[in-house]
Every structure is written in structure tokens, then in C-alpha cells.
Amino acid sequence: MVGPFDDTKATRLLGFWFRGVIYLFLLGVIVWSLLGPSRKEIIMKNDLAEQFNGKVDSIYCDERNHSIQMEVLSTGWLFSTLSQWASKIEVGDSMAKSRGSLKYIFIKKGKNLLC
């Protein structure tokens with residue numbers, strides 16, 4: 001009687017093939033983590049591609065995101081503020097950032113503040 005776990009040539013070949021696929025996948029993950037873009041490069045690319053401008057319509061505290069302060073601009077853009085700037089931004093202030101730049105411009109009562 002032949003059972004489901006017989007040590008036949010077909011089952012051994014299937015086992016080797018399955019392990020080979022797993023090993024190749026793990027090797028691919030290791031190579032990607034070593035040769036692929038770093039987390040810092042991905043964040044920098046995303047920050048450089050970002051562009052927005054507008055007046056701050058409202059400010060709220062996002063409890064689902066570690067209670068970080070969020071500003072909603074007149075264009076609908078959501079902007080999360082670093083803690084050092086959170087207390088300085090008010091409704092009615094203007095904010096802008098150009099694509100390809102890492103500088104944020106805050107206009108508060110006629111004064112430009114670069115960040």
C-alpha cells in the first residue's frame with residue numbers, strides 16, 4: 001500500500017524544487033536589501049517630489065498618527081508639522097514648498113520663515 005508520504009522520486013523532486021524556490025526568494029530579498037535603494041534615499045526622493053502651497057484653513061491633532069499636528073491647506077493638502085514648528089503655525093498663515101527643493105516657506109503676517 002502506498003501512503004501519502006512515500007519517499008518516491010517525484011516527492012523528493014517536488015521537495016527540492018519547493019526548497020529551491022524558497023532559497024531563491026530569500027537570496028533575492030537579501031540582494032535587494034544590499035543593492036536596492038536605502039530607506040533614506042526613498043524618503044529623500046519622496047520629499048523632493050512633493051510640491052504644495054496655500055493658506056492654512058484648519059489645524060487638528062491626528063490621534064491615529066501619534067497625535068501629530070496636521071494642517072489642512074486651502075488647496076486640500078494635508079501637511080504634518082515637526083514639533084518645533086507646531087506651536088508657531090496658526091490658521092491664516094501661508095505655506096509653500098517647491099518641487100526639487102527641501103525648503104519649506106512659511107509666511108506669517110508678512111514675514112517669510114524658511115525651514
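Position 1 is the first residue of the sequence; numbering continues from there. Remember, it's a predicted structure, so these values are computed and weren't measured experimentally. Values below: all heavy atoms of this structure, side chains included; hydrogens, waters and symmetry mates excluded.
Atom CD1 of Ile105 is separated from atom OG of Ser98 by 6.0 Å, given to the nearest 0.5 angstrom. For the atom pair CD (Glu71) and CZ (Phe79), the distance works out to 6.5 Å, reported to the nearest 0.5 Å. The line from CH2 of Trp17 to CG of Leu14 is 7.5 Å long, rounded to the nearest 0.5 Å.
Clustering of Ile, Leu, Val, Met, Phe, Trp and Tyr by side-chain heavy atoms under 4.5 Å joins Tyr60 with Ile68, Met70, Val72, Leu78.
Closest heavy-atom contact between Lys97 and Leu102: CE-CA, 4.5 Å. Minimum heavy-atom separation, Lys108 to Asp93: NZ-OD2, 3.1 Å.
Put simply, the side chain of Glu90 does not reach to within 4.5 Å of the side chain of Val56, judged on heavy atoms.
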Atom pairs and distances, donor-acceptor, side-chain atoms in residues 32-54, under 3.5 Å, two or more places apart:
{"residue": "Ser33", "atom": "OG", "partner": "Val29", "partner atom": "O", "Å": "3.3"}
{"residue": "Ser33", "atom": "OG", "partner": "Ile30", "partner atom": "O", "Å": "2.8"}
{"residue": "Ser38", "atom": "OG", "partner": "Glu41", "partner atom": "N", "Å": "3.2"}
{"residue": "Glu41", "atom": "OE1", "partner": "Ser38", "partner atom": "N", "Å": "2.8"}
{"residue": "Asn46", "atom": "ND2", "partner": "Ile42", "partner atom": "O", "Å": "3.4"}
{"residue": "Glu50", "atom": "OE1", "partner": "Tyr104", "partner atom": "OH", "Å": "3.2"}
{"residue": "Gln51", "atom": "OE1", "partner": "Arg99", "partner atom": "NH1", "Å": "3.4"}

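Residue Leu26 is grouped with residue Phe18 when hydrophobic side chains (ILVMFWY) are merged at heavy-atom distances under 4.5 angstrom, including chains of intermediate members.
The closest donor-acceptor contact from the side chain of Ser74 to the backbone of Lys55 lies under 3.5 Å.
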